[in-house]
Trainee: 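The structure is given below, and queries will be raised subsequently.
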Protein chains: 2
Amino acid sequence: MPAHAQTSTAAIVAAGRRLLEEHGADALTMRDVADTVGVRTPSLYKRVRSRSDLFRLIVEDVAGELNAAIDAAANSGDPAADLRATARAYRSFARANPIAHTLLFVPQAATGGTALPERTTATLLRLVTELAGPHNALPAARTVVAWAYGFITMELAGAFQLTGDIEQAWDFGLDHVLNAIQQT
Amino acid sequence: MPAHAQTSTAAIVAAGRRLLEEHGADALTMRDVADTVGVRTPSLYKRVRSRSDLFRLIVEDVAGELNAAIDAAANSGDPAADLRATARAYRSFARANPIAHTLLFVPQAATGGTALPERTTATLLRLVTELAGPHNALPAARTVVAWAYGFITMELAGAFQLTGDIEQAWDFGLDHVLNAIQQT
DNA sequence: ACCTGAACACCGTTCAAGT
DNA sequence: ACCTGAACACCGTTCAAGT
C-alpha cells in the first residue's frame with residue numbers, strides 16, 4: 001500500500017513560480033507544473049484546488065518574500081534613509097520577480113482584494129509617520145507607494161519609451177516625493 | 001455570389017472591448033466575440049490575425065480614446081491647471097475602462113513595447129516643461145506619470161486597504177507631486 | 001492516502017468546401 | 001470574397017480504478 005507522496009504543495013508552488021517567470025502567466029499550465037514536479041496532472045488537485053488557487057499560493061509566497069526583503073532593508077533608525085532603502089529593496093525585488101510582482105497588486109479573483117503584503121504596509125506607515133508626522137501619514141504613505149509602484153511597473157513594462165536616464169528619473173522622483181511629504 | 005460581409009473589424013473590436021470590461025481578460029473568448037457580432041468563430045480570422053491581435057487592436061482603440069480625452073482636458077493655457085485636469089481626465093477614463101486601462105501599460109507580446117499613447121506623452125511633457133522648466137522636464141514628467149498611474153491602478157485594484165479618504169489621498173498626492181516638481 | 005488513465009467540456013486555430 | 005462545419009491540438013478538471 002505505498003502510493004506515498006511524490007510531491008508537495010511547496011514544490012508545486014516553487015515550480016509554478018519558476019514557470020511563471022520563465023514563460024509568463026498565460027503559458028503557466030498545470031501540465032508543465034506536473035511535469036516539473038514529476039507527477040501526472042490530476043495529482044496536482046490533491047494539493048491545490050485549481051489553477052487560480054495555485055496563482056493565489058504563488059502570490060502569497062511572493063508577498064512573504066517581499067515582506068522579508070523590506071523588513072531587512074528598513075533598519076537604520078533614520079526614517080528618510082529607511083524609506084529610501086525600502087524603495088530600493090522593493091525595486092530590486094520587482095526586478096528579480098517581474099511577472100510575479102505585477103500579480104501582487106492585481107485583484108485576486110478568489111479573495112476579492114489584493115495581496116499587498118500587510119507587514120509592508122505597516123512598516124511603511126510607521127516610517128512615513130516618523131518622517132512627516134501623524135497628521136497626513138496615510139495620504140503621504142499612499143503617495144509614496146503609488147509613485148514607487150507606478151515607476152517600477154512602468155519601468156519593467158518598458159513604458160518609459162523616450163530616451164533619457166531612467167536611474168536619474170528614479171533618483172529625481174524619490175528625492176522629490178520624499179521631500180514633498182515632509183513639508184506637511 | 002452574395003456571401004458579403006456580416007461584420008467588420010470595428011464591430012469585432014467594439015464587441016471585444018465590451019466583453020473585456022464585462023467579464024475580464026481571461027474570459028474574453030473568440031466564441032463570445034463571434035456570437036456578439038453575429039458570425040461563426042472562424043470568420044473572425046478574416047479580420048483579426050489571432051486572439052492576441054484582437055487584444056492589440058482593443059488596446060489601440062482604448063489608447064486613442066485616452067489621447068482624445070486628455071487633449072480635450074488640457075486646454076486652459078495654465079500648465080498647473082492643465083496638469084490637474086489631465087490627471088483628473090486620466091483617472092475618469094481609467095474608472096470608466098478599468099480592465100482595458102490595465103492593459104495600456106502592459107508589455108504587448110506582439111509589439112515588444114507598450115501601448116502608452118504617444119500623443120499623451122507629448123502633451124504631458126509640454127505641460128511639465130512649462131511648469132518646471134526644461135532642465136528636469138523628463139524626470140519630472142516621469143514622476144507625475146508614475147504617481148498617477150500607480151495611484152489609479154492601486155485604487156482600481158482595491159489595493160488601498162486601510163480605511164481613510166481616498167479622495168483626500170488623491171488631492172494630497174497631486175498637490176505635493178506637482179509642487180515638488182516645480183521646485184527644481 | 002496518493003497516484004493514474006480515461007474522459008469531458010471547452011479553448012484557439014486551420015482548412016476545405018460552400019455561396 | 002466572405003462564411004461555415006468539421007477537425008486538430010491543447011487546455012483545466014473530474015472520477016473511477018488502481019496500489
Side-chain angles (χ1 to χ4, degrees), chain A residues 1-61 99-100 103 106-111, chain B residues 1-61 99-100 103 106-111:
Chain A
M1 65 222 39
H4 48 299
Q6 312 257 1
T7 184
S8 66
T9 306
I12 290 170
V13 171
R17 231 183 113 169
R18 188 154 48 79
L19 292 168
L20 175 75
E21 289 297 346
E22 269 174 30
H23 303 115
D26 287 350
L28 175 54
T29 66
M30 298 301 271
R31 166 185 270 274
D32 284 350
V33 173
D35 284 352
T36 304
V37 302
V39 99
R40 301 288 183 173
T41 313
S43 299
L44 296 178
Y45 293 83
K46 285 282 162 184
R47 328 254 176 200
V48 301
R49 209 182 306 268
S50 63
R51 182 173 180 271
S52 71
D53 190 48
L54 174 57
F55 271 89
R56 190 183 53 78
L57 292 170
I58 292 173
V59 167
E60 264 180 30
D61 192 55
I99 299 187
L103 265 41
V106 150
Q108 292 295 105
T111 65
Chain B
M1 65 221 42
H4 47 300
Q6 313 257 4
T7 186
S8 66
T9 305
I12 290 170
V13 171
R17 232 182 112 169
R18 189 155 48 80
L19 292 169
L20 175 75
E21 289 297 347
E22 269 176 31
H23 303 116
D26 287 349
L28 174 55
T29 67
M30 298 302 270
R31 165 184 271 272
D32 284 349
V33 173
D35 283 354
T36 304
V37 302
V39 97
R40 302 287 184 173
T41 314
S43 299
L44 296 177
Y45 293 84
K46 284 283 162 184
R47 328 257 175 197
V48 172
R49 209 182 305 269
S50 64
R51 182 174 180 271
S52 72
D53 191 45
L54 174 57
F55 271 89
R56 190 183 53 78
L57 292 170
I58 292 174
V59 167
E60 264 180 30
D61 192 55
I99 299 188
L103 265 40
V106 149
Q108 292 295 103
T111 64

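Note on naming: letters A, B, ... go to the chains in the order of the sequence lines (proteins, then strands), and numbering restarts at 1 for each one. Computed from a predicted model, the values in this text were never measured in an experiment.
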Trainee: Rounded to the nearest 0.5 Å, how far apart are CG of B:D53 and CZ of B:R56?
Mentor: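 Result: 4.5 Å between the selected atoms.
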Trainee: Could you tell me the separation between the CZ atom of A:F55 and the P atom of D:dG12, rounded to a whole number of Å?
Mentor: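 To the nearest whole Å, that distance equals 9 Å.
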Trainee: What side-chain donor-acceptor pairs closer than 3.5 Å can you find for residues 21-40 of chain B, not counting sequence neighbours?
Mentor:
{"unit_1": "B:E21", "atom_1": "OE1", "unit_2": "B:I99", "atom_2": "N", "d": "3.1"}
{"unit_1": "B:E21", "atom_1": "OE2", "unit_2": "B:I99", "atom_2": "N", "d": "3.2"}
{"unit_1": "B:E21", "atom_1": "OE2", "unit_2": "B:A100", "atom_2": "N", "d": "2.8"}
{"unit_1": "B:T29", "atom_1": "OG1", "unit_2": "B:D32", "atom_2": "N", "d": "3.1"}
{"unit_1": "B:T29", "atom_1": "OG1", "unit_2": "B:D32", "atom_2": "OD2", "d": "3.4"}
{"unit_1": "B:T36", "atom_1": "OG1", "unit_2": "B:D32", "atom_2": "O", "d": "2.7"}

Trainee: Whole-Å distance between C:dT19 P and B:Q6 CD?
Mentor: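 Between P of C:dT19 and CD of B:Q6: 15 Å.
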Trainee: B:P42 side chain: which of D:dT13, C:dC15, C:dC3 is closest?
Mentor: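 The answer is C:dC15, which lies nearest to the side chain.
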Trainee: Using whole Å, report how far OH of B:Y45 lies from P of C:dC11.
Mentor: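 B:Y45 atom OH is separated from C:dC11 atom P by 12 Å.
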Trainee: Just the rounded figure in Å: distance from P of D:dC15 to NZ of A:K46.
Mentor: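 The answer, rounded to whole Å, is 11 Å.
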Trainee: Applying a 4.0 Å non-hydrogen cut-off, can you work out what B:T41 is touching in the nucleic acid: base, sugar-phosphate, or nothing?
Mentor: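 If one applies the 4.0 Å heavy-atom cut-off, B:T41 turns out to touch a base.
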Trainee: Show me, range against range, the stems involving DNA chain C, built from at least 3 consecutive Watson-Crick or G-U pairs below 3.5 Å.
Mentor: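 Stems (3+ consecutive pairs) listed as C:4-8 with D:12-16, C:12-16 with D:4-8.
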Trainee: Report which part of the nucleic acid A:R47 touches: base, sugar-phosphate, or nothing (heavy-atom distance under 4.0 Å, all strands).
Mentor: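 Touches sugar-phosphate only.
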Trainee: A:L44 has an atom CG; how far is it from atom P of D:dT14, in whole Å?
Mentor: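 In whole Å, D:dT14 P lies 12 Å from A:L44 CG.
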Trainee: I need the CZ-P distance between B:R40 and C:dG12, as an integer number of Å.
Mentor: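 My rounded result for the distance is 16 Å.
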Trainee: Does B:R51 have a side-chain nitrogen or oxygen under 4.0 Å from the phosphate oxygens OP1 or OP2 of C:dG12?
Mentor: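 Affirmative; the distance criterion is met.
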Trainee: Locate the shortest heavy-atom distance separating A:V48 from A:L54; write the atom from each residue and the value.
Mentor: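 A:V48 and A:L54 have their closest heavy atoms at CG1-CD1, 4.4 Å.
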Trainee: Output the residues of residues 25-32 of chain B in contact with DNA chain C, where contact means a heavy atom of the residue under 4.0 Å from an atom of the strand; sort by number or write none.
Mentor: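 Result for residues 25-32 of chain B: B:L28, B:T29, B:M30, B:R31, sorted by number.
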Trainee: Between B:S43 and D:dT4, does any side-chain N or O lie under 4.0 Å from OP1 or OP2?
Mentor: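 For D:dT4, OP1/OP2 do have a side-chain N/O of B:S43 under 4.0 Å.
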Trainee: Please report, rounded to the nearest Å, how far the P atom of C:dG12 is from the CG atom of B:D35.
Mentor: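 For the pair B:D35 CG and C:dG12 P, the rounded distance is 11 Å.
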